[in-house]
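The analysis underlying the following values was restricted to heavy atoms, covering all of them including side chains, and did not include hydrogens, waters or symmetry mates. Throughout, protein chains are lettered first and strands after them, A, B, ... in sequence-line order, and every chain is numbered starting at 1.
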Number of protein chains: 2
Amino acid sequence: MATIAEVAKRAGVGVATVSRVLNASPAVRDQTRQRVLDAIADLDYAPNAAARALSTGRTESVGVVAPFFTRPSVMERLRGVSHVLAGSRYQLVLFDVERPGQDSRSFRDLPGALDGLLSISLCPTDEDLERFEAAGTPIVLVDHPHERVPAVHTDDVAGGRLATEHLLELGHRRIAFVGDLEHNYHGFTSSAMRRVGYQEALAAAGVDPDPALTCRTAHGREPAAALAGELLASPSRPTAVFAASDTQAVGVLEAARELGLQIPGDLSIVGYDDIELARYAGLTTVAQPLEESGARGAELLLAALDGTTPIGHQLPVRLVARSTTSAPGRSRGAGARQQHQADGRDRRRQARQDGNRVRS
Amino acid sequence: MATIAEVAKRAGVGVATVSRVLNASPAVRDQTRQRVLDAIADLDYAPNAAARALSTGRTESVGVVAPFFTRPSVMERLRGVSHVLAGSRYQLVLFDVERPGQDSRSFRDLPGALDGLLSISLCPTDEDLERFEAAGTPIVLVDHPHERVPAVHTDDVAGGRLATEHLLELGHRRIAFVGDLEHNYHGFTSSAMRRVGYQEALAAAGVDPDPALTCRTAHGREPAAALAGELLASPSRPTAVFAASDTQAVGVLEAARELGLQIPGDLSIVGYDDIELARYAGLTTVAQPLEESGARGAELLLAALDGTTPIGHQLPVRLVARSTTSAPGRSRGAGARQQHQADGRDRRRQARQDGNRVRS
DNA sequence: TTGAAAGCGGTACCAG
DNA sequence: CTGGTACCGCTTTCAA
């Protein structure tokens, strides 16, 4: 690979001039620039990114950390991020945080190696944050609110409430919750928040919560199916299940079918996220703009990289009633495209209408 | 951010020693090592990736270029790549090649900035290849065969044949093909190959091909739905459609339902890829191991990075009959879990059984 | 408008 | 085992 020195020599100029041409500096005579350009073409020269990074202190790349890359919801967010970043000069470096520990190692080294960081669903520790701040590396959070860091998030508690209220309104009283294990490292809290919303809604309706109906298991369709298998085999089985994610909801759906239960006649099911699959499974769910959240997060990060101080904001959630919910004991769907709007958006930011439009 | 020099000073040693500790060289007395380690901890030192890259010539990162990041099939492949890479020391730099041109720019600079490259579904030009070869940067292809470059691929022609034969066996004669536009830059050829398989199967069955039934449109559910809408409204509509991807098949499915057609009674549909959605849509499809292909590709690349010269191989495809196909005019599914096995694997490599196992 | 030279923060060779 | 030092390739003053 040719170096800048070779280009300079061939063009009969100094390396500084080549550098100027490379960086589109106006302070180069046209004639000179052309000689340099020719030399670059002749030598098939391409600048060395590492050398440039070392010299400038910037790497032209942003990191995206995402847990559970496996999850469709994360994939959809990533898609939004990728699209926005593809239009910028930054490269996207992906950190798949599947197992704990893996990330803490990375996080330490990251500030120096990256110009910015987008954290999806994960919340960096205060220590991590300090490190980034010290290095002047901006961070933006997606799917996790934060006091000090710009974040694009939704109100998971409100979402959980929404799902549960939908079931309550249909007449259900024995409503189970199926969510993730909550001893997550690094504050992956959405399932827990949705559970809180669930409990709030039950309490508000004066329904006595049955602890046996609040279930948690490893994320994924199969664990949820296994759990639901037991739950639904019980004589005191619930008439409805609110799952903290569509993936888990589909697991519950499978388990129910396995047991010969009619959906929604014998069991109503509400999911969360509205991933593409939910639409095809006809799943009633709490929808949030996944791809958009990623895109917004990336835009915020780009803005931060540009020197501005972006402020985060909340995206709306809404209930999408499909065919997995109905009144208990009935066999028809919830009927008439019933859609509750409930964006838990901060009222003080109500004005940001344009920023919060829901694509439907 | 602390530098190696500061650490050295604080530990009372030379920078070389610190570097040795950093790189786990055994040639350091334990006592000295400890002093250095302490200094590192005190200063909260983290090595600078750019400096290291400049010095060693290696960046510890591999690029993954993927077109149409939007496609579920690509996402599933990426998932496999990510999982394997997460277990290595390499970082994953993602290149989303949505629009042409975007990539050619990148490709030029890539060899220097990356230790290796994994190209998904895309085929680099010979020129690109030369550049990588010259830079000693290994490339591995996923979903695209190649003579000179290790690749993990499937036989798309065989897959197209498989789908079409399935329909022919059911008794269909008017079989349409719905695929991507074929004037793709950079050799994204799978749709075209599947079409060839379709045509071969028709010819082998002695069915006169009707050019009006071979359709191509932009990739995606909606374009396919629009196309199918016209195709199916025609009085001489086909009794079956083979779509070059599940996404397009779902579009056809929607269009058919829109027209009030019974599936599979009035129209049989076969997709391709067996993405997660296919399972829920009950779509008959040609399955290929998507996630596995990504994982395999990543393993190959890791092997190449390790100095070995890996050889690519072919992964099997098979038909999965679900409920969108039946004999023409009947209203039931294709029945008894009929599954054709047809991995178009190179017979000379037949021995590599272990490497080609199908997960079902 | 241009060139010389001093870093940027490591690695690795060469002495000792 | 350890330290000094010459690069790695580019950017960016500083002078000319």
Quick check for you: among [options], whose closest atom lies nearest to any side-chain atom of [X]?
X	options	value
B:Val15	D:dT5, C:dT2, D:dC1	D:dT5
A:Arg20	C:dT11, C:dT2, D:dC8	C:dT2
B:Ala27	D:dT12, D:dT2, C:dC13	D:dT2
B:Val13	D:dT12, D:dC10, D:dG3	D:dG3
B:Arg52	C:dA12, C:dG10, D:dC10	C:dG10
A:Leu22	D:dT11, D:dT2, C:dG10	D:dT11
B:Pro47	D:dG9, D:dT11, C:dG10	C:dG10
B:Val28	D:dT2, D:dG9, C:dG9	D:dT2
A:Ser55	D:dG9, D:dC8, D:dG3	D:dG9
A:Leu54	C:dT2, C:dC8, C:dG10	C:dC8

Quick one: is [X] getting a side-chain N or O under 4.0 Å of the [N] phosphate, OP1 or OP2?
X	N	result
B:Asn23	C:dT11	yes
A:Thr32	C:dT1	no
A:Ser19	D:dC10	no
A:Thr56	D:dT11	no

Between B:Ser293 and B:Asp143, does the side chain to side chain contact (heavy atoms under 4.5 Å, CB included) criterion hold? Intermediate values first, please.
CA-CA 8 Å; B:Ser293 74; B:Asp143 189 35; 5.9 Å; no
Would you work out how much the helix from C:dT1-D:dA16 to C:dG16-D:dC1 bends between its ends, with each end axis defined by five base pairs, to 10 degrees?
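Answer for the end axes of this duplex: 40°.
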[X] [atom1] - [N] [atom2] separation (whole Å):
X	N	atom1	atom2	result
A:Ile4	C:dA4	CD1	P	13 Å
B:Asn48	D:dC8	CG	P	18 Å
A:Met1	D:dC10	CE	C1'	16 Å
A:Lys9	C:dG3	NZ	C1'	17 Å
A:Arg58	D:dT11	CZ	C1'	11 Å
B:Arg29	D:dT2	CZ	C1'	9 Å
B:Glu60	C:dG10	CD	P	15 Å

Closest heavy-atom contact between A:Ala51 and B:Leu54?
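So the minimum-distance heavy-atom pair works out to CB-CD1, 3.6 Å.
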For a quick check of understanding: with a heavy-atom distance under 4.0 Å over all strands, which category does B:Thr3 fall into, base, sugar-phosphate or nothing?
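If one applies the 4.0 Å heavy-atom cut-off, B:Thr3 turns out to touch the sugar-phosphate alone, with no base involved.
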A:Val18 near the nucleic acid: base, sugar-phosphate alone, or nothing, with a heavy-atom cut-off under 4.0 Å?
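It contacts nothing in the nucleic acid.
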Tell me whether B:Glu76 contacts the main-chain N or O of B:Ser73 through its side chain, where contact means a donor paired with an acceptor under 3.5 Å.
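The answer is no, because no donor-acceptor pair under 3.5 Å joins these two groups.
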Any Lys/Arg nitrogen of A:Asp180 or A:Arg71 sitting under 4.0 Å from an Asp/Glu carboxylate oxygen of the other?
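A salt bridge links A:Asp180 with A:Arg71.
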Salt bridge or not for B:Arg148 and B:Glu133, using N-O below 4.0 Å?
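Judged by the 4.0 Å cut-off on N to carboxylate O distance, B:Arg148 and B:Glu133 do form a salt bridge.
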Taking side chain as C-beta onward, heavy atoms only, is A:Leu141 less than 4.5 Å from A:Pro124?
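The answer is yes, as the side chains (C-beta and beyond) meet within the 4.5 Å cut-off.
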Side chains of A:Arg77 and A:Ser121, heavy atoms from C-beta outward: is any pair under 4.5 Å?
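In short, these two side chains touch, coming nearer than 4.5 Å.
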If a pair satisfies side-chain hydrogen bond (donor to acceptor under 3.5 Å, both in side chains) and one of its residues is in residues 38-51 of chain B, list it, with sequence neighbours excluded.
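Output for this query lists A:Arg108-B:Asp44, A:Arg131-B:Asp44, B:Arg10-B:Asp42, B:Gln34-B:Asp38.
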